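Here's the structure we're looking at; comments come further down.
Being a predicted model, the structure only gives us computed values, none of them experimental. Just so you know, ligand 1 is whichever comes first in the structure, and atom 1 is the first atom listed for that ligand.
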Amino acid sequence: MASLFKDPSKLSAYRDRRFPGSQEDFEHALLTSITVYVGNMSFYSTEEQVYELFSRAGEIKKIIMGLDKNSKTPCGFCFVLYYSREDTEDAVKYISGTILDDRPIRVDFDWGFQEGRQWGRGRSGGQVRDEYRTNYDPARGGYGKLVQRE
Ligand code: GTA
C-alpha cells in the first residue's frame, strides 16, 4: 500500500535544534526513518510496558528510555526503533494517543537516534518542556522544575 506519509512538512511539528544537517536532510530523515519518539510518558512507565504496547505495530529493534541527565532516571520520553518503515508509520498512526499509565502518549516520527539524545536537555536535567510546565502532575514529578524553584 502506498505510504500516507509523503509530505515531510506534515510528518512532525518538532524540529530538533541539534540536528546536524540542512532542512532538506532533516525532512529526508523523517521520511525514511524507522525511529519514533514517544512523549508525555509517565516517569514510572517501564521499558517492558513500552515494549508490550509498541510491539502491536511490529517487531521492535531497540527501545531507548529518555533519562534525566543528572539523576539518570526516566524523565518522560523514549525512542522506539523498528526494523521496517511500515511498522514505524503504523506506530505513529495507531499508537499515538493511546493511554499508558493514565496518560495519552504522543508518538512522533524522529530523524534517528544518536548517542546522547537519550538525555533530557533541560537545565535541571529533565526535558525542556517539562521545566516550563505550571500544572501539578504527580506522575511527572509534581510541578515543572522551574516552577518548583520559585
Ligand atoms: N522526534 O516532539 C519531539 C521531541 N521532543 C519534544 C523532544 N525530542 C523529540 N523528538 C521528536 N519529537 O533527543 C527529543 C530531543 C532529544 C530528547 C530530549 O527528545 O531531540 P528535550 O525535550 O529535553 O529538549 O529533548 P528539546 O527537544 O531540545 O526541547 P524542545 O521541546 O524543542 O524545547 C522547546 C519547547 O520547550 C518549546 O516547544 C516550549 O514548549 C518549551 N520552551 C522552551 N523555552 C521556553 C520558554 N522560554 N518559555 C516557555 N516555554 C519554553
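- In this structure, the side chain of K69 engages the main chain of G122 through a donor-acceptor pair within 3.5 Å.
- Judged by distance alone, the side chain of E52 and the main-chain N or O of V50 form no donor-acceptor pair under 3.5 Å.
- Those atoms of ligand 1 that come under 4.0 Å of a heavy atom in R117, given as number and element, are 10 (N), 13 (O), 14 (C), 15 (C), 16 (C), 17 (C), 20 (O).
- Under the 4.0 Å distance rule, the nearest protein heavy atom to atom 39 (C) of ligand 1 falls outside the cut-off.
- Heavy-atom proximity to R17, at under 4.0 Å, picks out these atoms of ligand 1: 26 (P), 28 (O), 29 (O).
- Listed by number with element, the atoms of ligand 1 under 4.0 Å from a non-hydrogen atom of D110 are 1 (N), 10 (N), 11 (C).
- Considering backbone and side-chain atoms together, Q118 places no N or O closer than 3.5 Å to any N or O of ligand 1.
- Residue contacts with ligand 1, taken as heavy atom pairs separated by less than 4.0 Å, involve V128 via backbone and side-chain atoms alike.
- A heavy-atom distance below 4.5 Å is not found between the side chains of R129 and F77.
- Looking at D90, its side chain never comes within 3.5 Å of a backbone N or O of D87 through a donor-acceptor pair.
- Of the protein's non-hydrogen atoms, R129 NH2, 4.6 Å is the one closest to atom 37 (C) of ligand 1.
- Judged as a side chain to side chain donor-acceptor pair (under 3.5 Å), the pairs with a partner in residues 132-142 (not counting sequence neighbours) are, in order, R103-D137, D130-R133, D130-R140.
- Within the listing of ligand 1, atoms 20 (O) sit less than 4.0 angstrom from a heavy atom of D16.
- Taking atom 41 (C) of ligand 1 as the reference point, the nearest protein heavy-atom neighbour is Y132 CD1, 3.9 Å.
- The nearest non-hydrogen atom to atom 15 (C) of ligand 1, considering only W119, Y14, F77, comes from Y14.
- Distance from atom 25 (O) of ligand 1 to its nearest protein heavy atom, with residue and atom name: R121 CD, 3.8 Å.
- At least one heavy atom of R106 sits less than 4.0 Å from an atom of ligand 1.
- Compare F79, F113, Y37 by their heavy atoms: the one nearest to atom 7 (C) of ligand 1 is in Y37.
- Set against the non-hydrogen atoms of Q127, the atoms of ligand 1 under 4.0 Å away are 7 (C), 21 (P), 22 (O), 23 (O).
- The backbone N or O of L100 sits nowhere less than 3.5 Å from a side-chain atom of Q49 that would complete a donor-acceptor pair.
- The single protein non-hydrogen atom nearest to atom 12 (N) of ligand 1 is D108 OD2, 2.6 Å, given as residue, atom name and distance.
- Of the possible donor and acceptor atoms, none in the side chain of D101 sits under 3.5 Å from a partner among the backbone N and O of M41.
- Of the possible donor and acceptor atoms, none in the side chain of T35 sits under 3.5 Å from a partner among the backbone N and O of G112.
- Pairs passing the ring pair (Phe, Tyr, Trp, His ring centres under 6.0 Å) check and including a residue from residues 41-70, sequence neighbours excluded, do not occur.
- When atom types are taken as modelled, the side chain of D68 and the backbone of T73 share no donor-acceptor pair closer than 3.5 angstrom.
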